[in-house]
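This report concerns only the one structure given below.
One-based numbering along the sequence shown. Given the structure is predicted, the values throughout are model-derived calculations rather than measurements.
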Amino acid sequence: ETALIDNQRGSAFSEQGWLGSGTGSSILSALQDIFSVTWLNRSKVEKQLQVISVLQWVLSFLVLGVACSVILMYTFCTDCWLIAVLYFTWLAFDWNTPKKGGRRSQWVRNWAVWRYFRDYFPIQLVKTHNLLTTRNYIFGYHPHGIMGLGAFCNFSTEATEVSKKFPGIRPYLATLAGNFRMPVLREYLMSGGICPVNRDTIDYLLSKNGSGNAIIIVVGGAAESLSSMPGKNAVTLKNRKGFVKLALRHGADLVPTYSFGENEVYKQVIFEEGSWGRWVQKKFQKYIGFAPCIFHGRGLFSSDTWGLVPYSKPITTVVGEPITVPKLEHPTQKDIDLYHAMYMEALVKLFDNHKTKFGLPETEVLEVN
């Protein structure tokens, strides 16, 4: 009987041990499943954060200025009218700050949101030559694309480490002066080192702000954006010589810069020359400063739907070799034409030297209009 009890106890202990082992295996398996699901969800969450980071910038670009203007005007009619009065008083005193380079904020330029922005496409900045901190520079950025996403990410944020790649150089991305008349939007732009693309601002930065300044000008502007489409590498440059004249007046070196993939991130309706659509676009460009485009990207939750989110196509911005420019207070047309021709040649050479590295065939030719 004692032996029978001992056998039963042994059997029970054996069964308990088996159950413990089974339970441990089940828990381990469950934990592995949890970590697997967590990793999967983390990947999805990170992708959604990338999409949201890009969308917030697109919406800021398109509607932030108008939305803030409407909100402030509405605030005048509420009990919070004092807030609007104080802001507009501040605006009056601060009106000329954008013309003097604005208020750059390293904190804003280093926001984590810009790293998500960068990784969505992804965007990359390629340095080919060193820049001397004893000189000033004018970067010609090509092509414009629909929104100049590569220009913003590379030069108005630290997401691609522009300050580490070009130590001692302060980049200023120049954009439409009208943006700095928009309340709140102007503060947002200035915090990233964005300034108005007008003569007063550029003269100030190149003559009264010391050395080591780099003004990034999207030379093709609104006209170039009208021809932006996937698969097309074309720049509007032949008759754009104002930036060369500015460089000569200040002795600022010219730096050709090309962004491979800038035209790939949006699709747009291209209106032919002579059509009513192109006529409307040119009128807007002439009187307002920008040309309205009918474009689309992907949707917020799916790449198979249309929306404002750009397509996640790689954008690689290559900064070329600087062209040394003499300081000529009154450059002649011959001087301007000479350095403009040198710049065009350098840009085409830059494109040809790097096109095959970023997926273009050897036969691809940069179209210069």
Side-chain angles (χ1 to χ4, degrees), residues 121-129 137-155 216-244 247 253-275 277-278 281-282 285 291 293 295 297 310-325 336-369:
F121 295 94
I123 295 174
Q124 182 183 4
L125 180 65
V126 176
K127 169 187 173 180
T128 61
H129 290 79
Y137 301 91
I138 292 181
F139 285 35
Y141 183 91
H142 314 269
H144 184 288
I146 296 294
M147 294 185 184
L149 295 166
F152 171 78
C153 184
N154 284 311
F155 301 112
I216 296 89
I217 300 176
V218 186
V219 178
E224 194 171 81
S225 69
L226 297 179
S227 60
S228 171
M229 59 185 294
K232 186 171 184 178
N233 288 287
V235 297
T236 302
L237 181 58
K238 282 184 178 178
N239 297 316
R240 300 294 176 99
K241 301 181 180 181
F243 72 106
V244 177
D253 293 349
L254 291 167
V255 183
T257 306
Y258 196 84
S259 242
F260 293 90
E262 185 72 65
N263 285 341
E264 307 299 317
V265 297
Y266 277 116
K267 298 177 182 178
Q268 74 159 318
V269 177
I270 304 292
F271 294 102
E272 297 295 329
E273 289 292 340
S275 65
R278 182 53 64 96
Q281 288 175 325
K282 286 187 173 182
Q285 180 187 340
C293 303
F295 65 91
Y311 294 107
S312 55
K313 304 290 184 180
I315 298 175
T316 306
T317 302
V318 184
V319 179
E321 181 178 2
I323 301 167
T324 303
V325 175
I336 296 170
D337 290 343
L338 172 63
Y339 282 92
H340 183 263
M342 290 172 63
Y343 179 86
M344 286 200 298
E345 182 181 351
L347 179 65
V348 172
K349 183 180 177 181
L350 180 71
F351 178 85
D352 289 339
N353 287 346
H354 292 85
K355 59 187 177 184
T356 55
K357 299 175 186 176
F358 306 116
L360 297 178
E362 187 65 45
T363 54
E364 183 74 17
V365 176
L366 178 62
E367 180 183 331
V368 182
N369 300 314

Please name all residues satisfying salt bridge (Lys or Arg N to Asp or Glu O under 4.0 Å) with Lys267, sequence neighbours left out, ordered by chain then number.
none
Who passes salt bridge (Lys or Arg N to Asp or Glu O under 4.0 Å) against Lys282, sequence neighbours left out?
Glu273
Would you please name every residue forming a side chain to side chain contact (heavy atoms under 4.5 Å, CB included) with [X], sequence neighbours left out?
X      : value
Val318 : Val126, Thr128, Phe260, Thr316, Leu350, His354, Phe358
Asn353 : Lys349
Pro314 : Pro122
Ile270 : Met229, Gln268, Arg278

Sorted by chain and residue number, the side-chain hydrogen bond (donor to acceptor under 3.5 Å, both in side chains) partners of Tyr137 (sequence neighbours excluded) come out as none
side-chain hydrogen bond (donor to acceptor under 3.5 Å, both in side chains) involving Thr257 - partner list, sequence neighbours excluded
none
Contacts of His142 that satisfy ring-ring contact (aromatic ring centres under 6.0 Å, His included) - sequence neighbours left out
Tyr343
Applying ring-ring contact (aromatic ring centres under 6.0 Å, His included) to Phe271 and not counting sequence neighbours gives Trp276
Mind listing the closest non-hydrogen atom pair of [X] and [Y] along with its distance?
X      : Y      : value
Val348 : Val368 : CG2-CG2, 4.0 Å
Asp352 : Lys355 : OD1-NZ, 3.3 Å
Val219 : Gly140 : CG2-CA, 3.8 Å
Tyr258 : Ala234 : OH-N, 4.4 Å
Gly150 : Ser259 : CA-OG, 4.5 Å
Leu237 : His340 : O-NE2, 2.9 Å

Pair listing, salt bridge (Lys or Arg N to Asp or Glu O under 4.0 Å) test, anchored in residues 223-232, at least two apart:
none
Tell me the salt bridge (Lys or Arg N to Asp or Glu O under 4.0 Å) pairs involving residues 357-369, sequence neighbours left out?
none
In Å and rounded to the nearest 0.5 Å, what is the [atom1] to [atom2] distance from [X] to [Y]?
X      : Y      : atom1 : atom2 : value
Thr324 : Asp253 : OG1   : CG    : 4.5 Å
Ile315 : Ile123 : CD1   : CD1   : 4.5 Å
Tyr339 : Leu254 : OH    : CG    : 9.5 Å
Met344 : Arg240 : CE    : CZ    : 13.5 Å
Glu264 : Ser312 : CD    : OG    : 12.0 Å
Leu226 : Gln281 : CG    : CD    : 4.5 Å

Positive for side-chain contact (heavy atoms from CB on, under 4.5 Å) with Tyr141, one of Ile217, Val235, Ile216:
Ile216
Whether the Ser228 and Asn263 side chains hold a donor-acceptor pair (N or O, under 3.5 Å, no angle test) is what I'd like checked.
yes
For Val265 and Phe295: C-alpha separation, side-chain torsions, deciding distance, then whether side-chain contact (heavy atoms from CB on, under 4.5 Å) applies.
CA-CA 10 Å; Val265 297; Phe295 65 91; over 6 Å; no
Could you tell me whether the side chain of Phe121 reaches within less than 4.5 Å of the side chain of Pro310, counting heavy atoms only?
yes
Are more than 12 heavy atoms, taken from residues, nucleotides or ligands other than Lys313, located less than 6.0 Å from that residue's NZ atom?
no
Dump the intermediate steps for side-chain contact (heavy atoms from CB on, under 4.5 Å) on Glu262 and Leu149, then the final yes or no.
CA-CA 7 Å; Glu262 185 72 65; Leu149 295 166; 3.8 Å; yes
